[in-house]
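Quick notes on the structure that follows.
Because the structure is predicted, anything quoted here is derived from the model rather than measured. All values below were derived from every heavy atom in this structure, side-chain atoms included, with hydrogens, water molecules and symmetry-related copies excluded. Sequential numbering from 1 along the given sequence is applied to the chain's residues.
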Amino acid sequence: DEALLDELIYLSEDKTTNISIETIMSREYILANVKPKLVGIANEEQIKKNHYVFVKHLDFCILFTVEVTGLADKNEVGTYTVRDDHMLEAGLDSQELFVAAVKNAGKDTDIVNLISFIKEKTENQYDLTDEDELMPIYIVTNKRKCDGASCILNTDVCKHLQELLNSDELLVIPSSIHETLVTIPTVQAIEGLNDFVAQVNSTLRPEDVLTDSIYIYRDDKLNLIRK
């Protein structure tokens with residue numbers, strides 16, 4: 001974040017670019033471009049040390065990142081994490097930041113059927129089983145495939161998933177900070193899942209791990225499934 005902000009300050013002084021540090025730190029720009037980012041609760045102490053704005057929810061923390069375009073690499077999208085001082089300067093409070101971020105995440109969501117994804121990657125070499133047909137699974141992320149697990153916070157996204165799965169309840173499995181897997185909650189689906197998620201997390205980079213937990217979405221609310 002500090003390196004990005006240094007680059008932004010440099011570019012804002014470069015008359016050949018359209019970047020203005022005042023613009024990207026303004027209230028209007030932040031609200032229009034902020035997105036939520038989910039990280040594990042083990043990061044809470046470091047988050048506080050960095051003075052990042054965050055909301056603690058269930059067993060994870062929600063940070064807020066602002067996307068910035070127009071960098072030296074024209075195709076690159078940078079982000080900076082919102083700090084307490086940014087909020088003060090922009091005249092923002094945490095509630096309106098949260099509402100704007102979740103709304104923006106909903107506009108940027110990408111939902112893909114897991115089996116279709118696997119078949120595409122394996123050039124249709126994957127054979128569907130009866131179980132695959134009966135219990136579809138969807139990958140939920142954002143269009144950049146980065147920090148996309150937060151898309152599950154948006155109620156419109158969840159309502160769309162309920163329609164896709166024809167189910168009032170959703171089983172939400174965080175595969176990393178970048179995506180979640182969503183399916184229909186059944187006893188068979190839930191049994192042993194915490195251990196499975198923990199096993200998968202052991203193969204990830206520590207910074208990509210969200211949580212070993214799994215969740216049920218019902219009545220417009222995400223609920224933690226206790227082990």
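- Taking a 6.0 Å sphere around CD of Gln199, one finds it holds 12 or fewer heavy atoms contributed by other residues, nucleotides or ligands.
- At distances below 3.5 Å, not a single donor-acceptor pair connects side-chain atoms of Arg218 with backbone N or O atoms of Glu169.
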Steps toward salt bridge (Lys or Arg N to Asp or Glu O under 4.0 Å) verdict (Glu179, Lys145): CA-CA 7 Å; Glu179 63 187 26; Lys145 310 297 187 289; over 6 Å; no
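- With Thr180 contributing its side chain and Pro174 its backbone, the two residues share no donor-acceptor pair below 3.5 Å.
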Evaluation steps, side-chain hydrogen bond (donor to acceptor under 3.5 Å, both in side chains), between Asp220 and Thr155: CA-CA 6 Å; Asp220 298 333; Thr155 55; over 6 Å; no
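- The shortest side-chain heavy-atom distance between Asn154 and Thr109 does not fall under the 4.5 Å cut-off.
- Between the side chains of Thr141 and Asp110, no donor-acceptor pair is found at a separation under 3.5 Å.
- Residues Ile47 and Leu63 meet the side-chain proximity criterion, which asks for heavy atoms closer than 4.5 Å.
- Side-chain atoms of Leu161 and Ile152, non-hydrogen and from C-beta on, do get closer than 4.5 Å to each other.
- Asp208 and Ser176 are not linked by any side-chain donor-acceptor pair at a separation below 3.5 angstrom, with hydrogens and angles left out of the test.
- Using modelled atom types, one finds no donor on one side chain facing an acceptor on the other under 3.5 Å when comparing Tyr217 with Asp168.
- With hydrogens and angles ignored, the 3.5 Å screen pairs a side-chain donor or acceptor of Glu96 with a backbone N or O of Asp93.
- A donor-acceptor pair under 3.5 Å is formed between the side chain of Asn104 and the backbone N or O of Val34.
- With hydrogens and angles ignored, the 3.5 Å screen pairs no side-chain donor or acceptor of Asn166 with any backbone N or O of Leu164.
- Under the side-chain contact (heavy atoms from CB on, under 4.5 Å) rule, Val66 has a single partner from Asn33, Thr81, Leu97, Leu31, which is Asn33.
- Side-chain atoms of Leu224 and Asp59, non-hydrogen and from C-beta on, do get closer than 4.5 Å to each other.
- The side-chain heavy atoms of Tyr52 and Phe64, taken from C-beta on, include no pair separated by under 4.5 Å.
- One N or O on the side chain of Asn201 and one on the backbone of Thr211 form a donor-acceptor pair closer than 3.5 Å.
- Here the CD atom belonging to Glu67 is positioned 8.0 Å from the OH atom belonging to Tyr29, to the nearest 0.5 angstrom.
- Considering only heavy atoms from C-beta on, Leu171 comes within 4.5 Å of Ile225 through its side chain.
- Residues Tyr215 and Ile173 form no side-chain contact, since every pair of their non-hydrogen atoms from C-beta on lies 4.5 Å or further apart.
- Of the possible donor and acceptor atoms, none in the side chain of Asp85 sits under 3.5 Å from a partner among the backbone N and O of Glu89.
- Annotation: side chain of Ile214 is not in contact with side chain of Val172 (no heavy-atom distance under 4.5 Å).
- Side-chain N or O atoms of His178 include one that pairs as donor or acceptor with a backbone N or O of Asp147 at under 3.5 Å.
- Side-chain N or O atoms of His160 include none that pairs as donor or acceptor with a backbone N or O of Val157 at under 3.5 Å.
- Counting non-hydrogen atoms of other residues, nucleotides and ligands closer than 6.0 Å to CD of Glu45 gives a total of 12 or fewer.
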Test log, rule salt bridge (Lys or Arg N to Asp or Glu O under 4.0 Å), inputs Lys221 and Asp219: CA-CA 5 Å; Lys221 185 178 180 182; Asp219 299 327; over 6 Å; no
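- Tyr80 places a side-chain N or O within 3.5 Å of a backbone atom of Ile24 that can act as its donor or acceptor partner.
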